[in-house]
Amino acid sequence: MMVVFIPLDIDYVDDKENKTWIRIFGRTKEGKRCCVLDSCEAFFYLIPKEGVDIKKYVEKVKKTEVKIANRIGKVKKIEIVKKNFVGKPITALKVFVTNHKDIIPIKDVVKNFKETKDKQETDINFVTRYIIEKGIKSLQWHEVKGKVIGKKELEQLGLEPLDSEVIIKAEKLTPINKFDFKPKFLAFDIEASEFEVGKGQIIMIAIANEKLKKVITWKRFSNAPPEVEFVKDEKELIEKFKEIIKEEKPDCLVGYFSDGFDLPYLRERANALKIKLDLGIDNSNITFIRGIVGSAKISGIVHIDLFKFIENIIAPTLQSETLTLDEVANELIGEQKLKIDLARLTKEFHKAKDSEIQKFCLYNLQDAVLTAKLFCKLWPNIAEITRLVNEPLWTCSRATYSSLVEHYIIHNINKFNEIIKHRPIHEEIQERRRKGKYTGAFVLQPKPGLYENIAMFDFRSLYPSIIISFNISPSTILEKPEKDCYETPEFEYDGKKVRFYFSKKQGFIPCLLKELIEKRKKVKEELKRKKDDPLLEARNYALKTLANATYGYYAFFGARWYCRECAASATAFGRYYIQKVIEEAKKAGFNVLYADTDSVAFELGNKSEAEALRWQKKINEKLPKDMELELEDFYKRGIFVTTRRKEIGAKKKYAMLAKDGSIKIRGFETVRRDWAKLTKELQDKVLRLVLEEGKPDKALTYVYKVIDDLKAKKIEKEKLIIRTQLKKEIESYAAITPHVVIARRMKKLGLPVKVGSIIEYIITEGKKGKGKELIREKAKLPEECEEKEYDTNYYIEHQIIPAVENIFEVFGITKEQIITRKRQKSLSEF
DNA sequence: ACATACCGGGG
DNA sequence: GTGTACGGTATGT
């Protein structure tokens with residue numbers, strides 16, 4: 001039997017004989033759900049010490065046996081192989097073991113043999129191993145030859161039954177020319193009565209895709225829109241949600257922050273109501289893989305948390321200042337969330353009017369619809385990253401760049417005959433951290449100010465082009481300079497003036513990087529012919545960003561091929577070239593405002609845009625062939641600000657007004673919940689006013705007004721609430737911060753507080769007549785705070801001033817002048 | 001100045 | 001074994 005199918009998810013399970021099976025879940029060309037069963041050898045490498053009698057060593061290793069539970073793990077066979085390890089030729093033993101699970105215990109025995117120098121590839125995930133060994137192409141079509149099996153055979157093997165129309169025991173798998181593929185998906189969103197997982201209950205769940213729009217709720221109301229379906233209670237709500245997933249059989253279940261909220265919340269509620277969350281194709285429960293924010297996995301259905309993908313992969317190219325669904329959807333698809341008073345509605349949904357609950361349902365539905373539309377928009381990006389990196393979709397859609405780079409190397413390393421380096425152990429990471437920083441990029445501190453007609457240029461892929469040009473890698477770095485080798489500029493490294501040297505014999509990482517760049521060139525050519533093709537655009541983006549991440553990878557503590565000298569060499573070259581560009585800009589008579597890493601901004605002054613472009617062309621003629629300076633944009637107006645403590649300009653803290661009227665804000669990060677709402681609104685307004693007006697007058701008047709309102713006690717206390725999360729047990733705090741004091745108070749009052757609670761408080765005037773009080777002594781629960789009890793001075797000094805101080809400093813207006821309203825210089829002087 | 005703790009996304 | 005993120009900022013000591 002031969003079937004054409006596309007792999008979507010891959011995992012592994014043990015049968016009753018303890019054989020480990022790979023399960024590839026996917027879709028056939030006819031659109032049927034299928035599962036391909038397969039397996040591959042499990043092995044790792046041993047590197048002997050020098051002078052060891054290899055044959056004797058092999059015999060010794062061969063005899064290794066370990067007892068695991070009720071069975072014995074053995075070495076099956078050993079091959080003596082010539083390999084490279086970080087570029088150096090070595091002889092190694094390729095040790096095949098009886099089962100993937102046996103690698104760790106067998107390695108633990110043989111690593112202690114006196115002949116053993118090192119062990120490698122003991123930490124390769126079995127799915128990754130399988131993909132490499134069988135040449136599987138993630139998310140591309142394959143032909144599978146094999147035997148179709150049924151329920152009975154699965155049972156005989158001791159494997160779980162599968163909700164899959166086609167199940168094949170693979171004999172041969174071949175990637176074939178691909179046709180297009182768009183997964184069947186369901187986007188979903190839950191609305192709950194509380195914000196914290198483990199508190200409250202689910203009120204409604206919305207689901208959406210291209211065809212389906214639905215809200216399920218147990219909260220009945222009249223005149224419900226047709227999308228709303230009522231159920232008896234929360235238990236039925238969850239059951240119904242499960243039922244829809246079982247019926248729809250999606251390839252992907254898509255949420256926004258669903259790793260961190262929706263699915264953990266659903267799990268808590270399912271536990272409380274004793275419902276099984278057996279959503280997997282094999283009826284397994286959702287599993288949560290631990291991490292700082294966990295990841296939720298469903299066997300055979302790829303759960304995608306769009307927030308993670310956007311945060312990790314897309315965010316650097318977004319203008320959005322925050323990554324809320326509202327803002328991201330607005331930027332990417334031009335649609336927003338419905339505006340409702342969510343805090344009130346969730347708290348008081350029991351007594352809410354029918355019309356309000358109806359709005360709530362529509363809000364819920366809109367969130368699911370936005371998630372669905374975002375998924376459609378970003379699918380090409382997710383798919384292309386996945387195809388490039390070749391790990392399963394579930395992994396690629398939530399991986400960080402460092403992990404993507406590493407997987408890309410691992411999946412392409414075979415052609416270099418390289419052994420994969422071990423992931424660093426805890427102590428190695430500590431050591432890397434201890435060594436710490438090296439000189440980074442060059443930053444020209446901006447002279448704080450408001451400027452008109454600004455040109456911004458940046459290097460195209462600065463670090464990749466440097467790494468390739470000078471062959472920078474852990475396998476090419478030389479201990480001593482050779483006759484013909486690359487040499488960095490001289491720079492300071494750990495307190496010494498140094499140069500590093502790299503062999504001209506191409507290293508495997510620069511080689512892979514060059515391939516990425518060349519693939520990208522081809523894609524760009526194709527893009528010229530097929531303009532705006534989303535798939536090609538996405539491939540271009542994947543290739544570009546993955547290449548750009550390689551420098552960061554060298555510097556990443558957790559990297560297998562970490563190389564601090566390589567990272568330091570790349571920045572040394574980077575500093576050299578950006579400084580050259582600055583020099584050239586000055587020579588051409590431009591007033592350089594700011595430069596950072598790979599970009600430079602200067603005033604056009606009395607010169608035209610065309611002249612700036614001619615200057616750029618001249619620069620490019622002088623640069624090495626792989627390096628290029630590109631135009632970022634021309635801006636109408638921009639403001640560079642000072643840091644609060646120093647007189648010098650802040651790195652990456654600026655706001656620009658583009659010619660189309662849009663505003664690009666960088667580095668103003670007050671949009672956080674530990675700032676009062678008043679502050680967040682104020683800062684945004686002030687930046688916009690300053691840029692649009694070209695002077696600070698209106699913005700200043702606005703600040704005065706807010707300060708006046710504060711003093712007149714006209715600000716509602718809602719806008720002054722500061723929110724901080726209790727991250728651990730109250731008793732375990734070493735530093736007693738305001739929110740800890742409030743948490744203690746809440747406990748005393750019998751209010752529910754526990755780890756994870758969001759503590760809300762307002763800073764009040766405190767006890768009169770007492771000397772200087774700590775902030776925590778003046779913190780009060782919002783409910784216990786009178787409407788006019790807030791500490792005007794605290795809010796001026798700790799909220800308003802910090803948020804706008806550096807903006808006004810640009811105009812020579814100091815903090816004191818904002819407070820006293822005495823302008824020492826007239827505005828016309830600026 | 002250094003240490004400790006929290007921010008993000010989500011209701 | 002699916003890695004315990006990460007860079008920045010406020011408050012306390």
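Order of the sequence lines sets the chain letters (A, B, ...), proteins ahead of strands, with each chain counted from 1.
- The separation between A:His798 atom NE2 and C:dG12 atom C1' is 13 Å, rounded to whole Å.
- By the 4.0 Å N-to-carboxylate-O rule, A:Asp14 lies close enough to A:Lys101 to be salt-bridged with it.
- Within the 4.0 angstrom heavy-atom criterion, no nucleotide atom of any strand lies near A:Leu345.
- Contacts of A:Thr346 with the nucleic acid, taken as non-hydrogen atoms under 4.0 Å apart, include base atoms.
- When the P atom of C:dT2 is taken as reference, atom CD1 of A:Ile10 falls 15 Å away, rounded to whole Å.
- Residue A:His739 has a polar side-chain atom (N or O) positioned under 4.0 Å from OP1 or OP2 of B:dC6.
- Within the 4.0 Å cut-off from OP1 or OP2 of C:dT11, not a single side-chain nitrogen or oxygen of A:Tyr733 is found.
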Subject >> Verdict with reasoning, A:His739 to A:Tyr733, per ring pair (Phe, Tyr, Trp, His ring centres under 6.0 Å) >> reply: CA-CA 11 Å; A:His739 82 292; A:Tyr733 276 87; 5.6 Å; yes
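- Between A:Arg776 and the phosphate of C:dT13, there is a side-chain N or O to OP1/OP2 separation shorter than 4.0 Å.
- Electrostatic pairing of A:Arg560 and A:Asp123 counts as a salt bridge here, judged by a charged N lying under 4.0 Å from a carboxylate O.
- Contacts of A:Asp189 with the nucleic acid, taken as non-hydrogen atoms under 4.0 Å apart, involve only primed sugar atoms and P, OP1 or OP2.
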In residues 193-206 of chain A, what donor-acceptor pairs under 3.5 Å come from side-chain atoms, sequence neighbours left out?
from	atom 1	to	atom 2	distance (Å)
A:Ser193	OG	A:Gln201	N	3.0
A:Glu196	OE2	A:Ile758	N	3.3

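- For the ring-ring contact (aromatic ring centres under 6.0 Å, His included) test, no residue two or more places apart in sequence or in another chain qualifies with A:Tyr554.
- With rounding to whole Å, A:Phe257 atom CZ is found 9 Å from B:dG9 atom P.
- Distance, A:Glu428 CD to C:dT4 P: 12 Å, rounded to whole Å.
- Between A:Thr128 and A:Glu391, the side chains place a donor N or O and an acceptor N or O closer than 3.5 Å (distance only, hydrogens not considered).
- The separation of B:dC6 from C:dA5, taken at their C1' atoms, amounts to 14 Å, rounded to a whole angstrom.
- Going from atom CD of A:Gln725 over to atom C1' of B:dG10 covers 11 Å, rounded to whole Å.
- Rounded to whole angstrom, the span from the CZ atom of A:Phe195 across to the C1' atom of B:dC7 amounts to 13 Å.
- Annotation: of the two residues near DNA chain B, A:Glu311 and A:Ala343, the 5′-most nearest-nucleotide partner is A:Glu311.
- Among the protein residues, A:Lys199 comes within range of no part of the nucleic acid, since none of its heavy atoms lies under 4.0 Å from any strand.
- Of all nucleotides listed (C:dT2, B:dG9, B:dA5), C:dT2 comes nearest to the side chain of A:Tyr12.
- Here, C:dT4 and B:dG8 have their P atoms 24 Å apart, quoted to the whole Å.
- Residue A:Tyr265 is out of contact with every strand shown, counting any heavy-atom pair closer than 4.0 Å.
- If you check every strand for non-hydrogen atoms under 4.0 Å, A:Tyr794 touches sugar and phosphate atoms only.
- With sequence neighbours left out, A:Tyr12 forms a ring-ring contact (aromatic ring centres under 6.0 Å, His included) with A:His100, A:Phe126.
- Counting non-hydrogen atoms under 4.0 angstrom, A:Ile736 reaches the backbone sugars and phosphates but no base.
- In this model, the phosphate group of B:dG11 is approached by a side-chain N or O of A:Lys337 to a distance below 4.0 Å at OP1 or OP2.
- Residue A:Asp367 is classed as a sugar-phosphate contact, given heavy-atom separations below 4.0 Å to backbone atoms only.
- If you measure from atom CZ of A:Arg398 to atom P of B:dG8, you get 21 Å, rounded to the nearest angstrom.
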Under-3.5 Å N/O pairs linking protein and nucleotides 1-3 of chain B:
none

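- Atom C1' of nucleotide C:dT9 and atom CH2 of A:Trp675 are separated by 9 Å, given to the nearest angstrom.
- Residue A:Leu342 is in base contact, counting any heavy-atom pair closer than 4.0 Å across all strands shown.
- Residues passing the ring-ring contact (aromatic ring centres under 6.0 Å, His included) test with A:Tyr130: none are found, sequence neighbours excluded.
- Using a 4.0 Å heavy-atom cutoff across all strands shown, A:Ser193 reaches no nucleic acid atom at all.
- When the nucleotides B:dG10, B:dG9, B:dT4 are ranked by their closest atom to the side chain of A:Ala735, B:dT4 comes out on top.
- Here salt bridge (Lys or Arg N to Asp or Glu O under 4.0 Å) pairs that include residues 298-307 of chain A, with residues two or more places apart or in two chains, number zero.
- Contact annotation for A:Phe556: base contact, defined as any heavy-atom pair under 4.0 Å involving a base atom.
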